There are 2 protein chains.
Amino acid sequence: MNELLHLKSAGLKSTLPRLKVLSLFESGSDRHLSAEDVYRKLLASGDDVGLATVYRVLNQFEQAGLLVKHHFEGDKSVFELNQGDHHDHIVCLQCGRVEEFFDATIEQRQKKAAADRGFELHDHSLYIYANCIKPKCKYRN
Amino acid sequence: MNELLHLKSAGLKSTLPRLKVLSLFESGSDRHLSAEDVYRKLLASGDDVGLATVYRVLNQFEQAGLLVKHHFEGDKSVFELNQGDHHDHIVCLQCGRVEEFFDATIEQRQKKAAADRGFELHDHSLYIYANCIKPKCKYRN
DNA sequence: TTGCTAATGCTAATCATTCTCATTTGCAAT
DNA sequence: ATTGCAAATGAGAATGATTAGCATTAGCAA
Ligand SMILES: [Mn+2]
Ligand SMILES: [Mn+2]
Ligand SMILES: [Zn+2]
Ligand SMILES: [Zn+2]
């Protein structure tokens, strides 16, 4: 239904691997997934998709505006569904939990910082690295 | 003189490669250098230092608090002299020029964002990606 | 000056990601 | 329903940045 429209409008054929990757993000157990994460989840559910294909599809989806890519501390990048709402991230250094937030003031001051220095802001990445205080953090207690 | 003190207090021997890397940053033609940048510059000035050593020294210096590491868009990370003053960066997507800035309000709101959500802020990374408007940008005009 | 440990410099190994290319598959036009 | 073909896939090789292993060298304390 909706997935097809998304793919079509992006000029992408509706293939099995692409539909599976997309529904993984839409089923939404975890919002932020790396290529490896996606690959493993598909394998686990009996769907055989090559790792190279996962990488390709993720990048195509990003270019099509279906996904957003982030580079949290560490080497591998993660993707999340693009729901139109820009937000930034707080990442727990101990358990890796990711919390999203949006601060209009921060956004505004960034625009100003760029403009004041003769830049045309294109986008930005803001990651806050912190430690959970909550008991949920699996590296606490 | 001063370099020696820095190295000693970090528990690092005063070796030729380390002194050369450090003076490269202190001579300060370019503030932000990748391992490859450092390697090339040393070669160019006739100093033969192995690339592996460059990587090791840069990481040691970061651990010692002499340098700060950044991950701008792209794969390779860059280092800059740690002069105590925290700041964030605006990177030109066309020419790669880097401009530094500090905004107390942004810093403050980040602390608050973390605290409000039960996090103990450790640090953060904020990169603004933009396009130069200035004529200096080598990909303009 | 000696001796020993830390540091260096090769090279080989990692690791994530991309590329190659032979084989399949979606899909539009019969 | 068939056919034709460009686009997509999958397996594995290639890449590029960074790190690890190890034999050799060089600080530095005695
Ligand atoms: Mn998010
Ligand atoms: Mn800087
Ligand atoms: Zn946590
Ligand atoms: Zn520029």
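Fair warning: this is a prediction, and the values are worked out from it, not measured in the lab. Note on naming: letters A, B, ... go to the chains in the order of the sequence lines (proteins, then strands), and numbering restarts at 1 for each one.
- By the criterion of side-chain heavy atoms lying less than 4.5 angstrom apart, applied directly or through intervening Ile, Leu, Val, Met, Phe, Trp or Tyr residues, B:V98 is not grouped with A:F119; the two fall into different hydrophobic clusters.
- Between B:L33 atom CG and D:dA17 atom C1' the separation is 17 Å, expressed in whole Å.
- Residue-to-nucleotide proximity on DNA chain C shows that, of A:S34 and B:L16, the 5′-proximal contact is made by B:L16.
- Across all strands, A:T53 comes closer than 4.0 Å to base atoms (heavy-atom distances).
- Atom pair A:F72:CZ and C:dA16:C1' shows a separation of 17 Å (rounding to whole Å applied).
- Here B:L22 contributes atom CG and B:L12 contributes atom CG; the two are 10.5 Å apart, rounded to the nearest 0.5 Å.
- You won't find any donor-acceptor pair under 3.5 Å spanning the side chain of A:R18 and the base of C:dG26, going by distance alone.
- The distance from atom CG of A:D103 to atom NE2 of A:H87, rounded to the nearest 0.5 Å, is 14.0 Å.
- Rounded to an integer number of Å, the gap from A:R56 CZ to C:dT20 P is 12 Å.
- For B:L12, the side-chain atoms get nearest to C:dA7 when compared with the rest of D:dT18, C:dA7, D:dT9.
- Where B:A35 and A:G11 each meet DNA chain D at their nearest nucleotide, the meeting point lying more 5' is that of A:G11.
- Between C:dA16, C:dA7, C:dT18, one nucleotide has an atom nearer to the side chain of A:N59 than all others, and that is C:dT18.
- For the pair A:E73 CD and D:dT18 P, the interatomic distance rounds to 14 Å; values are reported in whole Å.
- Considering only side-chain atoms of B:L51, the nucleotide from C:dT11, C:dT17, D:dT18 that sits closest is D:dT18.
- The distance from atom CD of A:Q60 to atom P of C:dT17 is 16 Å, rounded to the nearest whole Å.
- Regarding B:L7, its CG atom lies at a distance of 10 Å from the P atom of C:dT8, rounded to whole Å.
- Between B:H89 atom NE2 and B:I128 atom CD1 the span is 11.0 Å, to the nearest 0.5 Å.
- Straight-line distance from the NZ atom of A:K76 to the C1' atom of D:dT18: 15 Å, rounded to whole Å.
- In the set C:dT8, D:dT9, D:dG12, the nucleotide with an atom closest to the side chain of A:A52 is D:dG12.
- Straight-line distance from the CZ atom of B:R40 to the P atom of D:dG16: 12 Å, rounded to whole Å.
- Hydrophobic clustering (ILVMFWY, side-chain heavy atoms < 4.5 Å, transitive): A:L121 and B:F101 are in one cluster.
- Between B:T15 and C:dA6, a side-chain N or O to OP1/OP2 separation shorter than 4.0 Å is absent.
- Among the protein residues, A:K13 comes within range of the nucleic acid bases, having at least one heavy atom under 4.0 Å from a base atom.
- The nucleotide whose nearest atom lies closest to any side-chain atom of A:Y55 is, among C:dT18, D:dG10, C:dG9, C:dT18.
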